[in-house]
Amino acid sequence: MTLLDSTLAEHIMAAPIGQLLAEHNAFIHPSDVTDEGYLGIGVQRADGWTVLAIPTRVTGEMRDSIARILLAQVLGVDISLPDCIEIHRSASGGHR
């Protein structure tokens with residue numbers, strides 16, 4: 001990880017969520033997926049916006065944490081994840 005990546009990773013984890021979303025043209029979209037193990041998907045659209053689809057059952061600080069993780073994945077920034085979280089990448093480029 002380079003210093004730039006490290007600094008960006010720290011920023012992703014520490015910046016106020018509203019500021020972070022605005023800086024990266026991202027928004028949180030409520031998802032109706034009800035699988036307990038599903039925490040969301042991040043997709044960068046062709047128009048430059050990043051959609052972070054997070055289930056409506058995930059709220060508060062957990063929702064903000066999942067949004068940060070998904071955004072980091074979409075941006076290609078390596079961040080430390082707890083062992084209980086697995087990232088799966090689809091062929092179409094989504095991160096869930």
Side-chain angles (χ1 to χ4, degrees):
M1 180 184 298
T2 68
L3 179 59
L4 180 59
D5 289 339
S6 176
T7 302
L8 184 53
E10 290 173 14
H11 180 68
I12 288 171
M13 297 312 290
I17 192 69
Q19 172 189 329
L20 188 63
L21 295 174
E23 289 172 353
H24 296 282
N25 292 332
F27 63 94
I28 296 172
H29 178 76
S31 168
D32 293 332
V33 176
T34 58
D35 286 349
E36 190 171 316
Y38 179 79
L39 295 175
I41 186 169
V43 178
Q44 189 161 29
R45 300 186 328 194
D47 64 5
W49 282 93
T50 298
V51 180
L52 307 174
I54 300 174
T56 54
R57 65 177 165 70
V58 178
T59 59
E61 289 182 21
M62 177 63 100
R63 182 197 66 157
D64 291 354
S65 295
I66 296 301
R68 292 171 194 282
I69 291 167
L70 292 172
L71 183 60
Q73 293 299 308
V74 169
L75 296 174
V77 176
D78 186 27
I79 59 171
S80 297
L81 297 174
D83 290 339
C84 63
I85 294 181
E86 294 180 24
I87 302 294
H88 300 274
R89 290 173 177 82
S90 72
S92 63
H95 303 277
R96 55 186 181 117

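Values reported hereafter were calculated over all heavy atoms of this structure, with side chains retained and with hydrogens, waters and symmetry mates removed.
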Engineer: Tell me every residue that passes salt bridge (charged side-chain N to carboxylate O under 4.0 Å, His left out) with D47, counting only those two or more places apart in sequence or in another chain.
Structural biologist: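 Partners of D47 by the salt bridge (charged side-chain N to carboxylate O under 4.0 Å, His left out) criterion, ordered by chain and then number, come out as R45.
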Engineer: Are L21 and I66 linked, directly or through other ILVMFWY residues, by side chains that come within less than 4.5 angstrom of each other?
Structural biologist: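 L21 clusters together with I66.
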Engineer: Please report the interatomic distance NE2(H11) to NE2(H24), rounded to the nearest 0.5 Å.
Structural biologist: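 Reported value, rounded in 0.5 Å steps: 5.0 Å.
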Engineer: State the CD1-CD1 distance between I17 and I28, to the nearest 0.5 angstrom.
Structural biologist: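 CD1 of I28 is found 5.0 Å from CD1 of I17.
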Engineer: To the nearest 0.5 Å, what is the distance between CG (L52) and OG (S31)?
Structural biologist: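 Interatomic distance, L52 CG to S31 OG, rounded to 0.5 Å: 12.0 Å.
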Engineer: How would you list all residue pairs meeting side chain to side chain donor-acceptor pair (under 3.5 Å) that involve residues 49-65, not counting sequence neighbours?
Structural biologist: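 As it turns out, there is no side chain to side chain donor-acceptor pair (under 3.5 Å) pair with a partner in residues 49-65 once direct neighbours are skipped.
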Engineer: Let me check something: do M62 and L70 share a hydrophobic cluster, defined by ILVMFWY side-chain heavy atoms less than 4.5 Å apart, either directly or through other members?
Structural biologist: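 Yes, same cluster.
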Engineer: To the closest 0.5 Å, what do you measure between CD1 (I41) and NE2 (H29)?
Structural biologist: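 Those atoms lie 11.5 Å apart.
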Engineer: How long is the straight-line distance from CD of E23 back to CD1 of I12, given to the nearest 0.5 Å?
Structural biologist: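 The CD atom of E23 is 9.5 Å from CD1 of I12, to the nearest 0.5 Å.
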Engineer: Establish whether L81 and L20 are linked, either directly or via other cluster members, by ILVMFWY side-chain heavy-atom contacts under 4.5 Å.
Structural biologist: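 The answer is yes; both residues are in one hydrophobic cluster.
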Engineer: Roughly how far, to the nearest 0.5 Å, is the CG atom of L8 from the CD atom of E10?
Structural biologist: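 Output value for this atom pair is 10.0 Å.
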